[in-house]
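Following: one structure in structure tokens, then a few remarks.
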Amino acid sequence: MLLAIDIGNTNIVFGIHNDKEWVNDWRIQTDHLKTADEYEVIFRSLLTAGKICRTDISRIIVSSVVPSLVHPFREMLSGLFDNAVINQVNPDIYDKLPVKVLNPFEIGSDLVANAMAAYQKYGNYTMVIDFGTALTFTTIGGKSEILGVAIAPGLRTAVGALAGKTAQLPQIHIAAPPSVLGENTIHAIQSGIIFGYTGLVDSMIERTEQEIGESITVLATGGLSAVIAPLTKKIKACEPMLTLEGLLQINTFI
């Protein structure tokens, strides 16, 4: 079986694939200060609860946008799965992929995984919008290449900054309010964030299509994709497992 791990700035998402389907997946909070031993306790506990035998895992693929966790995770995985082959998504492997990677030393490995999964499932002229710590737009062109990426603060990042930089505005639950006209503080923030970001998403899609002169298939992934996607005009589908699917695809090419 394959263990795919996506180490993000806010969450670490990982899943087990048995060559037919995902048999289990988990999401834990990213903690930059945790040691290899502490992460081993978490992984060991979750795998045991999921009735996954560690010796059944023969392959591991890791994507990380948190450099400080790369070494602790490699140490933890080597000890917990001593017979598994561990691969890291990095520029050394990009030339083996069917998708050409723009600026390989700058683009996040999670965005490469998203692009791989989107390309394998939907083909060229595809955009992946990832609603994570950052809101990212990754566009695949007509020659199986990543044309470019746009990055904005994620929804939680924006809400956190708003609450942190103002004296009277609270942290809120991120959900669509009953009206664009907020009648209280919470609804007012929800309106600005949810409907404001919906407009941002629609505008970015429209501008991208105008610039490349093609209609594109738009996918959404990330923890808050289900909040914004139903309010937009162009998002075709939510793909919550897209990054792990991309890691699964990448593993077949390396």
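Everything numeric here is computed off the predicted structure, so don't read it as measured data.
- Atoms CZ and CG, on Phe73 and Leu80 in that order, are 11.0 Å from each other to the nearest 0.5 Å.
- Judged by distance alone, the side chain of Thr157 and the main-chain N or O of Pro153 form no donor-acceptor pair under 3.5 Å.
- Looking at heavy atoms from C-beta onward, Asp95 lies out of side-chain contact with Ile93 at the 4.5 angstrom threshold.
- Leu248 and Ile57 are not part of a single hydrophobic cluster, where members link through side-chain heavy atoms under 4.5 Å apart.
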Could you give me the CA-CA distance, side-chain angles and deciding distance for Arg59 and Asp19, then say whether salt bridge (charged side-chain N to carboxylate O under 4.0 Å, His left out) is met? CA-CA 11 Å; Arg59 296 157 292 148; Asp19 293 331; 3.0 Å; yes
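- The distance from atom CD1 of Ile146 to atom OG1 of Thr126, rounded to the nearest 0.5 Å, is 11.5 Å.
- No side-chain heavy atom of Glu145 sits under 4.5 Å from any side-chain heavy atom of Leu102.
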Quick one: side chains of residues 215-234, donor-acceptor pairs under 3.5 Å with protein atoms, not counting sequence neighbours, listed by atom name and distance.
from	atom 1	to	atom 2	distance (Å)
Thr221	OG1	Glu239	O	2.7
Ser225	OG	Gly222	O	2.9
Thr232	OG1	Ala229	O	3.0
Lys234	NZ	Glu209	OE2	2.9

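- Atoms CD1 and CD1, on Ile174 and Ile194 in that order, are 6.5 Å from each other to the nearest 0.5 Å.
- Note that the CD1 atom of Ile28 and the CZ atom of Phe43 stand 5.0 Å from one another [nearest 0.5 Å].
- No side-chain heavy atom of Ile140 sits under 4.5 Å from any side-chain heavy atom of Tyr122.
- Checked against side-chain contact (heavy atoms from CB on, under 4.5 Å), His71 has the following partners two or more places apart in sequence or in another chain: Glu75.
- Annotation: salt bridge (Lys or Arg N to Asp or Glu O under 4.0 Å) contacts of Asp37 (sequence neighbours excluded): none.
- For Asp110 and Thr243, the side-chain atoms include no donor-acceptor pair closer than 3.5 Å.
- In this structure, Asn18 contributes its side chain and Glu21 its backbone to a donor-acceptor pair below 3.5 Å.
- Shown here is Glu183, whose CD atom has no more than 12 heavy atoms of other residues, nucleotides or ligands within 6.0 Å.
- Put simply, the side chain of Leu2 does not reach to within 4.5 Å of the side chain of Ile60, judged on heavy atoms.
- Atoms OG and CG, from Ser109 and Asn114 in turn, are 10.0 Å apart once rounded to the nearest 0.5 Å.
- In the hydrophobic cluster analysis, where Ile, Leu, Val, Met, Phe, Trp and Tyr join through side-chain heavy atoms closer than 4.5 angstrom, Tyr197 is grouped together with Leu181.
- Linking Ile, Leu, Val, Met, Phe, Trp and Tyr whenever their side-chain heavy atoms come within less than 4.5 Å leaves Ile61 and Phe81 in two separate clusters.
- For the atom pair CD1 (Ile193) and CZ (Arg156), the distance works out to 12.0 Å, reported to the nearest 0.5 Å.
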